[in-house]
2 protein chains.
Amino acid sequence: MVTSSMILWGRLVSTRYIILGLLAQQPMSGYDIKSLFKDLSWLVDTPSYGSLYPTLHALLAEDLVSVSIGPGQGKPTRKLYAITVAGQTALQSWFRESATAGLSIRGFARRLVVASSLSGDDLKDHLMQRRSQVVGYLTRPKDTDGRRKGGSDQQLVHDYGTFIAKAELAWLDEQLSKLLS
Amino acid sequence: MVTSSMILWGRLVSTRYIILGLLAQQPMSGYDIKSLFKDLSWLVDTPSYGSLYPTLHALLAEDLVSVSIGPGQGKPTRKLYAITVAGQTALQSWFRESATAGLSIRGFARRLVVASSLSGDDLKDHLMQRRSQVVGYLTRPKDTDGRRKGGSDQQLVHDYGTFIAKAELAWLDEQLSKLLS
DNA sequence: CCACACATGTAATAGGTTACATGATTAT
DNA sequence: ATAATCATGTAACCTATTACATGTGTGG
């Protein structure tokens, strides 16, 4: 039975793929993944164990990852998850299909984690695509609407957004020049 | 009957309060709110109509907002929502209680929208609190763990995070010096 | 007359969090 | 001993998205 949700499975479903992206860099336990996310919490939301472990189980059931009982020398026994070949394929497909995804800083960071574990070309594409989105954002037309948006409306947040976007543009250019040299 | 979810009602529940924050700046329709969110999509997630309208209905049922049938000269009739006194109180309470909330750029932006509609002191507190969080992030100890994190692990994303954090710090200092002068 | 922006809404469902439950090992 | 960190998991519940449904007004 194919439900509509299964059609969506290959699309966004954020957490699945960022977890897969982390596992693509090296085998880890659920606990490790959680800690890594904590390091990234500045940019990406940290999933709770309540979604982390079930996701890992689902990925396992689909053969996108494999498990082995970790050595746990000293510390309690742990399950080491590793990405499979099928997992790598799925990850790459998702990354390429989700290329047109939105403009949020969070979405970019999420995909950046995944991109780091893929080919240099995928990374370069991601950065270049992002660059044009950021430029688009910075050159967006100022709205002078009659109804709402009375001039100073949301000024502060927009100012913040513009400032961050400019910084990001600088970062992107720096990274891209490194990649192209 | 008091359920545990009701206790949480005054806490995070993101969208409720950012909507309330937007309405605190001026009365708007659901459609207006959606457009405003689109402008902010760089920093904050845009809720879908499927959550926007029900949220508006809930806020209305709790007397945190009021409605009036908009003029709609030319365009189709619209419902103008406005924040009530109770709504303003609830907004301020939420803002102050959620002060210790996490460190994500998205969480900050969300609260920034709300802060813009509150007193200058609330805004100043928010910026100062954020400043110390950002400084904490930038001065966080580099981990040299044996098990995972093999040196260059997640390098790129961390680099990105650091770059953005530095930019944010500069912005915060700029804003704070404006507020204090 | 048709596409597009304006405008509001609901039902099914996916996705996530909270709170709970359990246990090993190390440092104080 | 006992607190803290390491480690895994589940059930109930909340929240949000997706997809659908409907209708007005404007411009080409």
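Each chain gets a letter, A, B and so on, in the order its sequence line appears, and its residues count up from 1. Every value quoted in this text rests on a predicted model; they were computed, and no experiment measured them.
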- Item | A:Tyr49 side chain near D:dT8 phosphate (N/O to OP1/OP2, under 4.0 Å) | no

- Query: Checking all strands, does A:Thr46 fall into the base, sugar-phosphate, or nothing category for heavy-atom contacts under 4.0 angstrom?
  - Reply: sugar-phosphate

- Message: Could you tell me how far apart B:Ile33 (CD1) and C:dA7 (C1') are, to the nearest whole angstrom?
- Response: 13 Å

- Would you mind reading off the distance between A:Leu56 atom CG and C:dG15 atom C1', rounded to a whole angstrom? 16 Å

- Item | Out of D:dA7, D:dG9, C:dG16, whichever nucleotide has its closest atom nearest the side chain of A:His57 | D:dG9

- Query: Think B:Ser14 has a side-chain N or O under 4.0 angstrom from the OP1 or OP2 of D:dT15?
  - Reply: no

- Compute whether any side-chain donor of one residue and acceptor of the other, for B:Thr162 and B:Asp159, lie under 3.5 angstrom apart. no

- Query: Which is true for B:Phe37 with a 4.0 Å heavy-atom rule: it touches a base, it touches only sugar-phosphate, or it touches nothing?
  - Reply: nothing

- Item | A:Asp32 side chain to A:Gln26 side chain, donor-acceptor N/O pair below 3.5 angstrom | no

- Message: What is the distance, to the nearest angstrom, from the CG atom on B:Leu60 to the C1' atom on C:dT8?
- Response: 14 Å

- Taking OP1 and OP2 of C:dG9, is either one under 4.0 Å from a side-chain nitrogen or oxygen of B:Lys79? yes

- Task: Consider only side-chain heavy atoms of I, L, V, M, F, W and Y, link residues closer than 4.5 Å, and tell whether B:Phe37 and B:Val114 are in one cluster.
- Result: yes

- Rounding to a whole Å, what distance do you find between B:Arg16:CZ and D:dC14:P? 13 Å

- Please give, in whole Å, the distance from C:dG15 C1' to A:Asp45 CG? 13 Å

- Item | Check ion pair B:Arg106-A:Asp45 (N to O, under 4.0 angstrom) | yes

- Taking the side chain of B:Pro76 as heavy atoms from C-beta outward, which of D:dG23, C:dT8, D:dA7 is closest to it? D:dG23

- Query: In a check of side-chain contact (heavy atoms from CB on, under 4.5 Å) between A:Leu36 and each of A:Ile18, A:Leu22, A:Ile19, which one passes?
  - Reply: A:Leu22

- Taking CG from B:Leu52 and C1' from C:dA11, how many angstroms apart are they, rounded to a whole number? 17 Å

- Message: Measuring to OP1 and OP2 of D:dT17, would you say a side-chain N or O of B:Ser48 lies under 4.0 angstrom away?
- Response: yes

- Task: In plain terms, say whether A:Glu168 and A:Arg131 are close enough for a salt bridge, that is, a side-chain N and a carboxylate O under 4.0 Å apart.
- Result: no

- Query: In whole Å, what is the span from the OH atom of B:Tyr53 to the C1' atom of D:dT17?
  - Reply: 16 Å

- Answer with base, sugar-phosphate or nothing: what part of the nucleic acid does B:Gly30 contact at a heavy-atom distance below 4.0 Å? sugar-phosphate

- Message: Without decimals, in angstroms, what is the distance between B:Ile69 CD1 and D:dT24 P?
- Response: 16 Å

- Between D:dG9, C:dG16, C:dA7, which nucleotide gets closest to the side-chain atoms of B:Arg78? C:dA7

- Query: Side chain of A:Thr15: nearest nucleotide among D:dT5, C:dT8, C:dG15?
  - Reply: C:dG15

- Taking the side chain of B:Ser29 as heavy atoms from C-beta outward, which of C:dT8, C:dT17, D:dT17 is closest to it? C:dT8

- Query: Taking only N and O in the side chain of B:Thr77, is any of them less than 4.0 Å away from OP1 or OP2 of D:dT24?
  - Reply: no

